[in-house]
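This report concerns only the one structure given below.
Every number for a ligand or one of its atoms is a count from 1 in the order of the listing. Below, all heavy atoms of this structure are taken into account, side chains as well, without hydrogens, waters or symmetry copies.
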Amino acid sequence: MNTTDFSLLPLSAEMLSNLNEIGYTQMTPVQAQTLPLILDGKDVIAQAKTGSGKTAAFGIGLLHKLQVKKFRVQSLILCPTRELADQVAKELRVLARFAHNIKILTLCGGAAFGPQLGSLRHGAHIIVGTPGRILKHLDKKTLSLEDLDTLVFDEADRMLDMGFIEEIDKVLEYTPKERQTLLFSATYTDEITAISNRVQKDAISVKTVSTEVANKITERFYEAQDGNKLETLVNILSSYTPENVIVFTNTKLEAKEIAEQLQKRKIDALAIHGDLEQYERNDVLVQFANKSCPVLIATDVAARGLDIKELAMVVNYDIPHGEETYTHRIGRTGRAGKEGLAMTLYNTYEIQNALEYKNESRLFEDSSTLKKVNGFEMRPFFVTLVIEGGKKDKVRAGDLLGALTGDAGLSGSSIGKIDIYERQSYVAIERSLIDEAHQKLSKGKIKGKKFSVWILQ
Ligand code: ADP
Ligand code: MG
């Protein structure tokens with residue numbers, strides 16, 4: 001018998017035989033690490049990458065303790081989008097085949113409310129849904145969580161990205177204090193720890209091995225070809241095609257200039273520097289963080305406090321003033337177990353300065369090895385829509401998501417990060433759908449009110 005056989009767990013014979021039937025014989029690492037704790041009733045916070053089998057980890061746990069004869073909602077799984085909720089429900093239905101009559105219901109925004117009422121009236125054991133719609137049912141008393149035993153946050157990082165924090169807090173008020181709370185996330189950030197502290201008790205943290213590796217950063221130095229740093233930068237971008245990149249400059253004038261030059265070459269770049277008004281700075285940071293702009297040009301001061309979770313590349317357009325600044329800058333890439341790239345440019349006359357940085361892990365490369373791609377462009381996946389309504393107007397992520405997926409007919413997967421500020425909200429929308437979303441949202445209403453909406457470019 002293998003040490004990761006499901007049969008090692010204290011599961012019922014029916015459950016084990018069903019797992020066998022659906023072809024689950026061995027536990028995946030995240031299942032092997034969390035299931036013993038989950039079955040023991042512990043609160044668990046687990047980090048594991050996509051496709052690692054997180055659904056079955058919590059699914060087997062909550063199904064194991066489900067009292068089928070008690071026809072009350074005993075488990076609630078919160079998901080960021082309707083598509084993900086549907087996937088989870090589908091997997092749970094397969095896992096639930098060991099018993100008859102386990103009712104699993106999805107409640108998501110973007111779907112009609114009426115039929116959900118009908119289904120709820122018939123009762124359910126397990127609810128899977130998005131925070132906004134769940135809250136709506138709770139507020140209307142069409143859903144009760146009085147008998148809830150297990151609360152699951154699936155893809156918690158995405159839920160936070162999508163701005164669901166307030167809805168989550170309100171949903172929590174409807175749940176019993178005595179409950180098991182499980183939190184799953186692909187990335188592990190301070191925000192995730194903060195939410196865990198709020199919603200869980202003595203949570204045991206599990207990280208699967210594959211994501212445990214420390215920051216891995218490849219550091220390369222390039223002498224600018226023919227004294228042309230911009231050209232060398234473009235060649236670096238076209239050679240490595242990073243998803244996102246921060247280019248550091250030593251002066252704000254240079255930051256502005258590089259952004260302009262790159263824009264002329266159809267490489268979407270924005271600059272942040274000390275001359276920007278607070279709102280302009282915010283517009284830029286939001287667009288970079290929500291993947292509406294792949295290249296950010298920044299001075300050290302302006303980049304302070306910037307929290308970008310997964311940065312593919314950092315470029316030092318100029319040699320930084322000292323090792324400390326260098327380390328600080330490049331430390332922003334290679335997070336969450338992904339490999340990062342740190343590139344430093346220097347001019348021929350700066351070679352002495354550059355060589356001071358030389359050590360065995362830093363590679364000095366010949367920039368003629370970089371690929372030159374004619375007409376190379378960098379366009380973002382998303383474009384940002386601004387809605388002139390925010391917290392002050394009681395606009396919540398769920399309302400925006402509802403308006404976009406419901407009336408405007410977009411799918412949850414075409415919507416990215418949602419940021420809600422006091423008087424404004426930002427939503428990242430798939431580029432090809434931006435005009436449609438803009439039109440529909442301008443014509444329609446959010447929370448029964450009209451708001452002006454524009455595209456940030
Ligand atoms: P995650 O939520 O971590 O991204 P999923 O829970 O969606 O991953 O699982 C990914 C795939 O692996 C699904 O198709 C699921 O059916 C399958 N799977 C999960 N656990 C096992 C297992 N123990 N053995 C075989 N396949 C599994
Ligand atoms: Mg999942």
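No donor-acceptor contact under 3.5 angstrom links the side chains of Gln287 and Thr384, judged on distance only. A donor and an acceptor atom, one from each side chain of Thr218 and Glu339, are located under 3.5 Å apart.
Remark: Phe382 pairs with Lys291, Ser292, Ala428 by the side chain to side chain contact (heavy atoms under 4.5 Å, CB included) rule, at least two apart or across chains. Annotation: salt bridge (Lys or Arg N to Asp or Glu O under 4.0 Å) contacts of Lys42 (sequence neighbours excluded): Asp40.
For the atom pair Ile258 CD1 and Ile267 CD1, the distance stands at 12.0 Å (nearest 0.5 Å).
Closer than 4.0 angstrom to ligand 1 lie heavy atoms from Phe6, Tyr24, Gln26, Thr28, Gln31, Lys49, Thr50, Gly51, Ser52, Gly53, Lys54, Thr55, Glu91.
Under the salt bridge (Lys or Arg N to Asp or Glu O under 4.0 Å) criterion, no residue pair touches residues 114-136, with sequence neighbours excluded.
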